[in-house]
Amino acid sequence: MNGTPTRPTRMSRLASWLRAHAPELLFALLLVAVLPVRDLWAPDEPDFAQCVKEMRLRGDWLLPYLNGVPYSEKPILYYWVMKASSVLFDTLTGGLGFTQGVAAWALRLPSVIAAVAFLSAFRRWAVRFLAPGTAEPAALILATTPLWFWQGQFIQIDMLFAALLAWSWLAWLGGYLLLREHGPELAPGEHRRWFLKAYFWLALAFLAKGPLAPVLSVLVLVAFLVWQRDLAVLRRAGIVAGLCLTLLLVAPWYVAAGLKGGAHYAYELIIFQNFERATKAWDHIQPWWRYFEYSLGDFFPWVLLVPALALHLRRERRLDEAAPRFLLAAFVVPFAFLSAVQSKQGKYLLMSYPFLALLLGDLFRRMEGDRVRRLGLLLAAGLALPALALTALALGAGGVKLQSQVIPFLGPTRLMALVLVGSTFLMAVLAWRKRAGGLVRAAALGLGLLYLVGGTWGFRLLDSQKSYRRWTTTVQPLIAGRQVFYWQTIRSGVMVYTDHLMPELRNAEALERMDPEARLVAQRGEWDQDAWGMTSTLRARFEVLAAVPTGGGEILLLKKRP
């Protein structure tokens, strides 16, 4: 009899815990469902996989290698966690899904863990430091942001970097709010621990993507403190201790890598990939306004509420408070700085979206009356656009050519259209009834189901076109025991599942010197160009042994005629 009350208490605690952690738990389930359904997709995933493969073959933890050469594009942290994941799960699973020492699902785990762990810490931070009712909508908004979902299941450095850097900024803000008595400390000196956490995670962000981490951090903090007119706080924010901690964590690898890789590697790692890339970009060159365009898709549909958020911040005088000021600075400053840089990709702004999500969470917390109806119907109308587009495709719109491309994906297209139509209708009903609390949940549910269908069924159907396994199966017997070269810049997918490195040939003279017993790999688009010294006469001296459609192009295996 004494033990009978225990079970309901435990069950209620479990139910309470599940409700409190619902955003990150559902997001984790979504990513786990998507994790194994596709192979390595170009352009970035095969590069990272090949680097891990070569690090494992060499037994090297100090430098990443690509095609036998030290790879200088990014610092070491992401390669460490990918290699650790591969080694651990290769052993634990007996090589489940591993080929040539790599498995897409194992390499994807660091991004999954970073995305979910940050979302959990993000929600708990909002509960600790912001007004009640902000954390849940903010977490649901961030979890269902298209860019956050995509990078959370992609083999790319940006999710890990964004999670580390954004958490560093949140930790610093937590220390500041406690120091300036915007909230009670749970223990004496708690603010100092938050500041030290900030510098620790900043150092890891530095090891993930280089000097961009401290540059953006300094800009955000200076903008915030100038706005606050509180530069004096720097004397108590542990800046010296933070600098020492950062140097202690970052400098040893940079020094050791520079000594092992040599002066050229050090120059490329520090100068070429950072300062020259920012001032003399050679790829992804876009006009200054491009991030306005990127955000329309990357933060859809929540971006539709940004004008309402601006009015809310002004009318409610929210920017008179320290926390909203910092959150706005953490979004606007990187947006402005990266807009001034030549090279632009939507994922570069990933670290700023958590702060915009927190501001929108505050907006939803304060919405009531007709405002709920107006903004809810606006969100519903935004979701209605892709719902109508998918429905039209499912019903045969778009002409013969478009429908021929859609037919293989008709099943998931119909299901995604149904999900979005249902979600749009539910949101419209909730908005009309002025139920602010249900709006974010309804939108998040619809978007989550959309990602689930597209990320499992849709990705699996698309994988046969994007994967390099068909290419590998075709050419492996034709290259066994032979030297293989690559024409122009390597696409790592062509070698990641083979046991070959493929030195790059960049000019006609190198092709002339090639041994007839060797083999040459080339992208059809590059091989057919009369560039880099290539001519139709030289091209005619090569025979195509295999041509395999892959990733929207065609990869050729060639040999030189005797």
Side-chain angles (χ1 to χ4, degrees), residues 27 115 118-119 122 137-154 156-159 161-163 165-166 169-170 209 212 216 219-220 223 278 281 283-314 318-319 324-364 375 378-387 389 420 439-440 443-444 446-448 450-451 454:
F27 186 61
F118 177 83
L119 188 65
F122 168 84
L140 288 172
I141 288 169
L142 182 60
T144 54
T145 295
L147 187 64
W148 196 264
F149 163 71
W150 176 253
Q151 293 298 147
Q153 54 81 51
F154 204 71
Q156 223 168 37
I157 202 166
D158 298 274
M159 176 52 74
F161 173 70
L165 188 57
W169 295 352
L170 287 173
K209 205 172 181 179
L212 181 64
L216 286 178
L219 291 174
V220 169
D283 60 357
H284 309 300
I285 298 174
Q286 301 289 346
W288 67 267
W289 46 263
R290 185 65 75 189
Y291 281 116
F292 290 98
E293 180 180 307
Y294 285 148
S295 64
L296 294 177
D298 292 342
F299 201 66
F300 183 84
W302 314 109
V303 68
L304 299 174
L305 300 180
V306 169
L309 174 62
L311 290 174
H312 164 74
L313 294 174
R314 181 181 177 185
R318 298 293 294 132
L319 296 180
R325 282 184 176 183
F326 187 97
L327 299 179
L328 185 61
F331 176 72
V332 171
V333 171
F335 192 102
F337 176 79
L338 295 172
S339 293
V341 174
Q342 287 183 314
S343 182
K344 297 178 181 66
Q345 294 190 79
K347 62 186 181 178
Y348 294 167
L349 269 184
L350 189 62
M351 88 293 289
S352 288
Y353 286 128
F355 301 93
L356 186 55
L358 286 170
L359 290 170
L360 287 172
D362 183 67
L363 172 66
F364 275 101
L375 296 184
L378 176 63
L379 267 181
L383 279 184
L385 295 176
L420 276 185
L439 279 175
V440 178
L447 290 167
L450 181 74
Y451 301 154

Check: Taking all atoms of both residues into account, what is the closest heavy-atom pair of Phe27 and Ala115, and its distance?
Finding: CE2-CB, 3.7 Å
Check: Is there a side-chain contact between Val220 and Phe355 (heavy atoms, below 4.5 Å)?
Finding: no
Check: Would you say the side chain of Leu216 lies within less than 4.5 Å of the side chain of Trp169, judging by non-hydrogen atoms?
Finding: yes
Item checked: Residues which pass salt bridge (charged side-chain N to carboxylate O under 4.0 Å, His left out) with Lys344, listed by chain and number, not counting sequence neighbours -> none
Notebook entry, point to check: At their closest point, which heavy atom of Leu420 faces which heavy atom of Ala387, and how far apart are they?
Noted result: CB-CB, 3.6 Å
Next item on the list: Over all heavy atoms of both residues, which pair between Ala166 and Pro354 is shortest? Give the atoms and the distance, please.
Entry: CB-CG, 4.3 Å
Notebook entry, point to check: Out of curiosity, Leu305 CG to Leu379 CG, how far, rounded to the nearest 0.5 Å?
Noted result: 4.0 Å
Checklist line | Aromatic ring proximity Phe335/Phe292, centre distance under 6.0 Å | finding: yes
Check: Is there any side-chain hydrogen bond (donor to acceptor under 3.5 Å, both in side chains) pair reaching into residues 324-337, and which pairs are they, with sequence neighbours excluded?
Finding: Gln228-Arg325
Margin query: Could you tell me if the side chain of Gln286 sits less than 4.5 Å from the side chain of Tyr294, heavy atoms only?
Written below: yes
Next item on the list: Output the distance between atom CG (Leu360) and atom CG (Leu304), rounded to the nearest 0.5 Å.
Entry: 10.5 Å
Next item on the list: Evaluate the side-chain proximity of Ile141 to Phe364: yes if any heavy-atom separation is below 4.5 Å, no if none is.
Entry: yes
Next item on the list: Please name all residues satisfying side-chain hydrogen bond (donor to acceptor under 3.5 Å, both in side chains) with Gln345, sequence neighbours left out, ordered by chain then number.
Entry: His284, Tyr348
Item checked: Pairwise distance OG(Ser352) to CG(Leu328) - rounded to 0.5 angstrom -> 10.5 Å
Note to self: Rounded at 0.5 Å granularity, tell me how far CD1 in Ile157 sits from CD in Gln151.
What the structure shows: 11.0 Å
Note to self: List the residues meeting side-chain hydrogen bond (donor to acceptor under 3.5 Å, both in side chains) with Trp148, not counting sequence neighbours, and say none if there are none.
What the structure shows: none
Next item on the list: To the nearest 0.5 angstrom, please state how far the CG atom of Leu358 sits from the CZ atom of Phe326.
Entry: 11.0 Å
Note to self: So Leu439 and Pro137, do their side chains get closer than 4.5 Å, heavy atoms only?
What the structure shows: no
Margin query: Once rounded to the nearest 0.5 Å, what's the spacing between atom CE of Met351 and atom CZ of Phe118?
Written below: 11.0 Å
Item checked: Tyr291 vs Leu349 side-chain heavy atoms within contact, under 4.5 Å -> yes
Checklist line | Any side-chain heavy-atom pair of Val303 and Leu356 under 4.5 Å | finding: no
Margin query: Just to verify, what does Arg318 make a side-chain hydrogen bond (donor to acceptor under 3.5 Å, both in side chains) with, not counting sequence neighbours?
Written below: Glu321, Asp362
Item checked: Taking every non-hydrogen atom, the tightest pair across Leu119 and Ala143 -> CD2-CB, 3.8 Å
Notebook entry, point to check: Checking Thr145 side chain against Phe299 main chain: does a donor-acceptor pair fall under 3.5 Å?
Noted result: no
Item checked: Smallest separation among heavy atoms of Pro146 and Phe300, with atom names -> CD-O, 3.0 Å
Notebook entry, point to check: Nearest heavy-atom pair of Gly346 and Leu147: which atoms, and what distance?
Noted result: O-CD2, 3.5 Å
Checklist line | side-chain hydrogen bond (donor to acceptor under 3.5 Å, both in side chains) pairs, two or more places apart, involving residues 295-310 | finding: Thr144-Trp302
